[in-house]
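The chains referred to below are lettered A, B, ... by the order of the sequence lines, with proteins before strands, and numbering in each begins at 1. Reckoned from all heavy atoms, side chains included, excluding hydrogens, waters and symmetry mates.
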Amino acid sequence: NVLCWLETYYGSKWRFLEHKGPVFAPPYEPMPDKVKFFYDGKPMKLSAPAEEVATFFAKMLEHEYTTKDIFRKNFFKDWRKEMTPEEKSKITDLNKCDFSDMSAFFKAQSEARKQMSKEEKQKIKEENERILQEYGFCIMDNHKERIGNFRIEPPGLFRGRGDHPKMGMLKRRIRPQDIIINCSKDSKIPKAPPGTKWKEVRHDNKVTWLVSWTENIQGSIKYIMLNPSSRIKGEKDWQKYETARRLKKCVDRIRNQYREDWKSKEMRIRQRAVALYFIDKLALRAGNEKEEGETADTVGCCSLRVEHIKLYPKMDDQEYVVEFDFLGKDSIRYYNKIPVEKRVFKNLQLFLENKQPEDDLFDRLNTSILNKHLQELMDGLTAKVFRTYNASITLQQQLKQLTTGDDSVPAKILSYNRANRAVAILCNHQRAPPKTFEKSMQNLQTKIDDKQSQLSTARKQLKAAKADHKASHDEKSKKIEEQLMKLQMQATDREENKQIALGTSKLNYLDPRISVAWCKKYGIPIEKIYNKTQREKFAWAIDMAEKDYEF
DNA sequence: CTTTTGACTTGCCGAGAGTACG
DNA sequence: CGTACTCTCGGCAAGTCAAAAG
């Protein structure tokens with residue numbers, strides 16, 4: 001409609017926005033006097049600010065990273081900033097600090113929480129529900145919408161992922177004077193807590209956030225935004241998949257183009273073309289440059305270094321094999337050996353010439369150059385669209401290949417999960433094997449064994465009673481067979497999923513309409529594929545996709 | 001042009017809610 | 001009815017990418 005078009009055209013995201021502002025972290029509660037901190041073996045009463053920071057460390061004492069040098073160094077430096085001059089002069093060595101009493105106190109506290117009576121737990125639940133009702137919703141353009149994260153992050157010690165140079169630094173407490181509120185001029189402006197003021201109240205309908213503040217570790221801005229079920233997020237999500245579908249229409253042209261570019265006279269074009277080939281074929285991320293020393297050393301495609309690939313002209317029975325080994329987003333290792341076209345291989349050899357291991361593989365390329373090129377190839381095309389496109393097309397193709405019409409429902413679910421798994425592997429979505437994995441596999445096996453003996457018992461009974469109650473016993477063993485089958489499917493699924501995380505691709509890369517269509521086509525209840533939150537997020541797709549939808 | 005900032009998506013993990021089980 | 005396991009959901013870090021600033 002015209003209004004919608006106008007909004008898009010002028011970049012406004014809403015006309016009316018009203019909300020109650022954020023919920024702050026609860027204030028610090030000082031330790032009871034009986035809980036001691038010891039320095040150099042002697043008890044020492046800390047000032048409230050120093051004590052608070054000490055409790056952050058105490059709460060993490062069990063974790064391995066409190067033993068790491070960088071963590072301890074960063075923590076100690078920031079902790080000292082919170083100390084009084086006296087404390088500062090006395091506490092000079094972290095190794096002489098004993099937090100164990102504090103740690104034990106917190107452990108007991110959390111134990112006590114678990115042991116609370118049903119009534120007490122209910123009371124807490126009700127209070128949370130009340131806060132949710134009050135602060136968890138906003139009005140955006142005539143609709144009541146759920147807010148994603150309406151609570152401000154509490155203070156604590158920063159723990160980045162991987163080898164983060166800033167691990168252990170103090171993440172400071174956010175106060176009202178740090179907060180920027182964004183809402184309509186004509187809405188009820190949220191009130192700052194008594195005696196405080198917001199940093200700023202603005203009325204910017206070119207953005208979707210309701211609240212923002214600047215975080216002190218990286219100096220980046222944090223936002224409070226709407227829940228994925230909201231109109232504004234849903235439309236954006238839908239747009240994303242439509243862009244990926246447009247790529248589907250011209251991907252052949254683009255592939256031919258970059259294959260041509262492998263032969264270009266210009267180095268920058270050949271580098272661009274090889275990088276794009278990796279992004280397309282291997283679903284690598286773009287790989288922005290990162291400031292050294294500010295974050296963990298991770299890379300994506302454009303930021304790959306010489307040390308991250310190895311070339312093998314021959315490997316076993318394959319030619320022109322490239323071995324990738326690097327840390328990607330969240331310091332997750334990407335390891336892959338793939339045979340490539342001879343031209344790609346020759347190009348890579350050329351890119352490596354006269355370089356040190358720590359030099360950039362693509363020295364004439366960055367994400368900005370790449371995305372500008374992509375934009376010229378297709379409106380709205382960027383590196384990440386390839387991930388979305390390849391993920392979704394893989395799911396669709398795998399579902400077609402793996403689903404058998406007359407399979408049972410559990411068998412079809414297994415097929416679905418396998419298709420999903422193919423995507424997760426492509427996108428390198430890994431997880432640490434669950435701590436209880438072996439145990440849980442064992443439990444499942446026990447259930448299978450039980451079921452199997454149940455089945456043989458039932459079959460014996462059937463034989464014995466063949467003459468009279470044939471029908472009912474036959475039905476009984478059939479039911480047990482089904483249950484057994486279901487358990488076996490579950491076991492296979494779980495085993496195959498040991499180190500693979502399906503959630504990320506399901507939530508971010510797979511056009512939900514593919515899954516909805518598949519469910520409709522094979523009569524699978526959508527609940528088997530999407531849980532409640534996911535159904536809320538994908539409501540738009542559940543509404544619109546028919547059984548013949550094609551990505 | 002390069003660098004920085006801002007807004008938004010993507011990603012893994014752990015706490016605790018929910019559920020099955022003895 | 002408590003315990004043990006599973007699953008969901010939120011937390012928040014870490015990416016992408018465009019636009020503004022220098």
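- OP1 or OP2 of C/dC17 has at least one side-chain nitrogen or oxygen of A/N371 nearer than 4.0 Å.
- Note on A/K222: every side-chain N or O is 4.0 Å or more away from OP1 and OP2 of B/dG6.
- Checking B/dC8, B/dC12, C/dT6 against every side-chain atom of A/R494, the shortest atom distance belongs to C/dT6.
- Between A/A424 and A/A501 the shortest heavy-atom distance is CB-O, 3.6 Å.
- Side-chain proximity of A/V207 to the nucleotides B/dG18, B/dG11, B/dC8 is greatest for B/dC8.
- Listed candidates were B/dT10, C/dC12, B/dG6. Nearest to the side chain of A/R161 is C/dC12.
- If you check C/dT6, C/dT16, C/dC12 against the side chain of A/K171, the one that comes closest is C/dC12.
- Between A/F150 and A/Y135, the distance from one ring center to the other does not fall under 6.0 angstrom.
- In the set B/dC12, C/dA18, B/dT10, the nucleotide with an atom closest to the side chain of A/I332 is B/dC12.
- A/T382 has a side-chain polar atom (N or O) that falls below the 4.0 Å cut-off from OP1 or OP2 of C/dC17.
- Within the 4.0 Å cut-off from OP1 or OP2 of B/dG14, not a single side-chain nitrogen or oxygen of A/H63 is found.
- The 5' end of DNA chain B is approached more closely, in terms of each residue's nearest nucleotide, by A/I221 than by the other of A/R285 and A/I221.
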- Message: One pair to check against salt bridge (charged side-chain N to carboxylate O under 4.0 Å, His left out): A/E52 and A/R173. What are the steps and the verdict?
- Response: CA-CA 11 Å; A/E52 181 179 9; A/R173 179 178 291 273; 2.9 Å; yes

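- Considering only side-chain N and O atoms, A/N288 lies nowhere under 4.0 angstrom from the phosphate OP1 or OP2 of C/dG15.
- Proximity note for A/W209 (side chain, C-beta onward) versus B/dC8, B/dT10, C/dC12: the nearest is B/dC8.
- With A/R305 as the fixed residue, the salt bridge (charged side-chain N to carboxylate O under 4.0 Å, His left out) test singles out one of A/D297, A/D360, A/D363: A/D297.
- Each of C/dA13, B/dT10, C/dC17 was ranked by its minimum atom distance to the side chain of A/A286; first place goes to C/dC17.
- In the set C/dC12, C/dG11, B/dC12, B/dC12 carries the atom at the smallest distance from any side-chain atom of A/A501.
- Taking atom CG of residue A/L374 and atom C1' of nucleotide C/dC17, one finds them 12 Å apart after rounding to whole Å.
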